[in-house]
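Just so it is clear: chains get the letters A, B, ... in the order the sequence lines come, proteins before strands, and each one is counted from 1. Quantities reported herein were computed from a predicted structural model and do not represent experimental measurements.
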Amino acid sequence: MKFIHNIKEKVKIAFGELYNFDIDSKEVLINETRKEFDGSYTVVLFPFIKKAKTSPQELGVKLGEYLTDHLDFVSGFNVVKGFLNLEFEGSFWVEKLQSILSSDSYGNLPQKGEKVLVEFSSPNTNKPLHLGHIRNILLGWSTHKILEAAGYKTIKTQIINDRGIAVCKSMLSWQLFADGATPKTKGVKSDHFVGDYYVLFDKKLNEEYSKWQQKEEAIDVYNSSRKENEAKEIFFKRYKNTYFNEFSDLGKQAKAMLIKWERNDEKVRNLWTQMNDWCYEGFDATYKKIGVDFDILYYESDTYLLGKKSVEDGLSKGLFYKKEDESIWVDLEDSGMDQKILLRSDGTSVYMTQDIGTAQKRNEDHHCDKMIYVVGDEQEYHFSVLFEILKKLDEPYSDGLFHLSYGMVDLPTGKMKSREGTVVDADDLVADVIGEARVSAEERGDIVSFTESEKSELYRKIGLGALKYFILKVDPKKRMVFDPKESVDMQGQTGPYIQNAYVRIQSVLRKYQELKKDIKTENYNPEQIEADIIQKLVNYPNEVDIAAASYDPSRIATYGFELAKMYHKFYHDLRILTAENDLAMAFRIELSKCVSKVLAHSMDLLGIEMPERM
RNA sequence: GGCCCCGUAGCUCAACUGGAUAGAGUACCUGACUACGAAUCAGGCGGUUACAAGUUCGAAUCUUGUCGGGGUCACCA
């Protein structure tokens with residue numbers, strides 16, 4: 001977008017020459033002209049009318065004349081209120097198209113020489129992935145693609161929560177109730193198999209809890225700990241966690257198992273390895289289906305002891321403090337936060353300790369300039385605290401930390417609640433969208449020549465294209481409603497709509513191959529819609545840059561739709577292979593090629609693949 | 001209750017970070033295939049940007065207050 005910069009510079013010079021005042025060229029605001037007016041780009045004049053001591057109209061005309069005279073690509077102008085609309089030479093757009101066409105990496109920005117680590121997904125190994133993970137995974141994947149395009153080196157990682165009481169629940173449940181069953185003997189996908197025992201644990205615990213509530217012990221607890229007027233039901237709902245920790249037999253067993261795990265008990269460790277392997281096998285299948293992978297994995301079982309040393313170091317430097325009971329804390333009240341515990345009184349670590357250690361380990365491993373954490377917005381406070389602590393510790397990467405916080409995914413019926421069984425399973429979801437794509441594709445019947453495996457590959461591309469677009473088009477930080485019916489729509493602002501624009505172009509290009517004409521297009525004078533499309537194409541690198549800087553894939557999603565929409569209109573209004581003359585045909589082929597390149601590039605940034613036919 | 005985020009067409013989302021008459025999709029109504037692919041295109045309907053005040057040339061966007069929704073305030077992760 002160098003020419004935008006040139007315009008700004010010329011505006012600065014013009015103000016000096018015409019009105020004798022000086023500005024910074026950065027103060028000049030240039031927008032794309034709204035489509036109800038003539039012109040391509042618009043200079044906003046309001047900020048300068050005081051200094052110019054004239055009316056917006058006169059300033060606009062003077063400046064417009066100056067720019068038309070001094071910039072060869074400006075062919076004319078019009079002034080509406082305080083807006084100077086600049087009209088561009090057709091040859092300018094034709095040249096721009098040529099330069100996009102000849103670039104084989106259009107949309108990839110120059111290398112920035114920085115390395116960024118992107119953490120996403122990060123599941124627990126006690127149940128399969130669900131819709132919430134899907135939003136996380138798609139955002140993380142897309143963010144890494146966008147950063148790569150923007151010139152960063154990236155490392156995709158996750159922290160796998162493979163230990164702790166939740167994992168022990170599944171393990172214990174399997175040990176008590178499975179009677180040696182395996183995913184194979186049950187014929188169930190292996191991560192779902194593990195999840196089933198997690199659910200079963202909760203069921204058994206509830207049974208145990210209900211029985212306990214009849215006992216005298218429970219009634220004593222109720223009478224002594226309830227709030228005023230609190231009904232039994234409500235009290236016991238609230239009390240469940242305490243029950244688990246203090247009275248439950250299953251709870252005792254699970255906690256005993258956790259302790260054995262920490263002591264490296266061979267039997268427990270073997271069971272743990274087995275069940276985690278089942279999870280990983282299932283997760284990998286899901287990742288593969290979605291089309292994502294990771295460069296390096298971190299496991300909580302390896303990292304949960306990290307960070308202690310830094311806390312001790314921080315303590316000796318006086319950054320942290322120790323209470324009488326030997327627990328270690330940090331005081332962040334100067335930064336508007338609380339006091340936070342970093343090490344328990346018994347010397348064991350907490351979540352925060354671990355995250356400090358993990359960040360340091362990652363930096364030692366990869367020397368990152370930035371680290372992006374894709375984690376739901378319920379952990380915003382945790383990450384502001386973490387980042388503040390890392391700053392206090394003077395970590396070299398601490399200015400490059402970012403919590404890519406995204407809103408929860410709701411269903412039309414409300415929140416997803418695992419207890420109420422309304423959680424949308426990731427594998428089911430993926431299977432549904434692919435199934436829906438099959439139905440739509442078969443209705444259209446343009447794929448009879450496809451083999452079975454080509455067909456299923458196509459359904460996968462279309463179904464996932466619909467799903468991914470549906471989720472990524474929403475601004476990450478906003479909570480979103482996921483309507484399963486709308487997520488499989490293939491018309492309107494959807495992934496398949498964009499894929500369809502691409503497919504149409506491929507079809508035209510295939511036919512053009514047979515004609516094989518070689519015509520120079522530099523003398524072509526583009527139609528309005530053609531110039532508009534080129535303007536859109538020219539803006540693409542800028543969009544990539546902004547999306548990278550704001551970690552926001554939804555910008556790319558919107559861009560892709562707008563470009564596809566313009567192309568569909570162009571395709572409808574103008575003829576390509578049967579154009580008025582060979583010059584127009586050649587130009588429109590070039591334009592189509594460029595559009596298909598940018599569509600494919602932008603959708604690739606979202607993890608959406610383009611079929612050649614559909 | 002303290003702090004943080006959000007509130008835009010019936011529904012799902014935009015609005016280049018303070019710029020023009022707030023735009024798309026969907027749903028509903030209408031028109032365009034003996035067209036290079038109709039998963040398309042064109043038109044209609046739909047808004048006091050939750051409400052109120054303020055800041056200025058100009059506010060969905062910034063400030064304050066009210067109402068409504070969510071999150072978070074563990075020696076859990």
Would you please confirm or rule out a distance under 4.0 Å between OP1 or OP2 of B/rG71 and any side-chain N or O of A/Lys415? yes

Counting side-chain heavy atoms from CB outward, which of B/rA20, B/rA77, B/rC75 is closest to A/Thr42? B/rA20

Under a 4.0 Å threshold between the charged nitrogen and the carboxylate oxygen, would A/Asp338 count as salt-bridged to A/Lys340? no

Watson-Crick or G-U wobble mate for B/rU26, both contacts under 3.5 Å: B/rG10

So, A/Tyr571 and B/rC36: ring centres less than 5.5 Å apart, planes less than 30° off, yes or no? yes

Base, sugar-phosphate, or nothing for A/Leu29, non-hydrogen atoms under 4.0 angstrom? base

Tell me what A/Phe37 touches on the nucleic acid: a base, only sugar-phosphate, or nothing, going by heavy atoms under 4.0 Å. base

Answer yes or no: is there an ion pair linking A/Arg613 with A/Glu454, defined by an N-O contact shorter than 4.0 Å? no

Starting at CD of A/Glu580 and ending at P of B/rC36, how long is that distance when rounded to a whole Å? 16 Å

How would you label the contact of A/Leu574 with the nucleic acid (heavy atoms, under 4.0 Å): base, sugar-phosphate, or nothing? base

Can a salt bridge be assigned to the pair A/Glu312 and A/Lys308 using a cut-off of 4.0 Å between side-chain N and carboxylate O? no

Report yes if a side-chain nitrogen or oxygen of A/Arg34 is closer than 4.0 Å to either non-bridging phosphate oxygen (OP1 or OP2) of B/rG23; otherwise report no. yes

What does A/Asn245 touch in the nucleic acid at a heavy-atom separation under 4.0 angstrom: a base, only the sugar-phosphate, or nothing? nothing

Counting the atoms with a prime plus P, OP1 and OP2 as sugar-phosphate, which does A/Pro412 contact under 4.0 Å by heavy atoms, base, sugar-phosphate, or nothing? nothing

Checking one value: the base orientation of B/rU21, syn if chi is within 90 degrees of 0, otherwise anti. anti

Side chain of A/Phe561: nearest nucleotide among B/rC75, B/rG70, B/rG25? B/rG25

Using a cut-off of strictly less than 4.0 Å, decide whether A/Ser345 has a side-chain nitrogen or oxygen near OP1 or OP2 of B/rC75. no

Any salt bridge between A/Lys536 and A/Glu32, counting N to O under 4.0 Å? no

Identify each atom pair where a protein N or O and an N or O of nucleotides 6-13 of chain B are less than 3.5 Å apart, giving names and distance.
residue: B/rC13; atom: OP1; partner: A/Val481; partner atom: N; Å: 2.7

Going by distance alone, is a donor N or O of one side chain under 3.5 Å from an acceptor N or O of the other, for A/Asn539 and A/Gln535? no

N or O in side chain of A/Lys81 less than 4.0 angstrom from B/rU21 OP1/OP2: yes

OP1, OP2 of B/rU40 versus side-chain N and O of A/Lys569: anything below 4.0 Å? no

Kindly say if A/Lys35 contacts the phosphate of B/rG23, meaning a side-chain N or O under 4.0 Å from OP1 or OP2. no

If you check the A/Phe83 side chain, which of B/rU17, B/rA77, B/rG19 turns out closest? B/rG19

Taking only the side-chain heavy atoms of A/Tyr381 (C-beta and beyond), determine which of B/rG71, B/rU72, B/rA77 contains the nearest atom. B/rU72

Listed partners of A/Tyr469 passing ring-ring contact (aromatic ring centres under 6.0 Å, His included), at least two apart: none

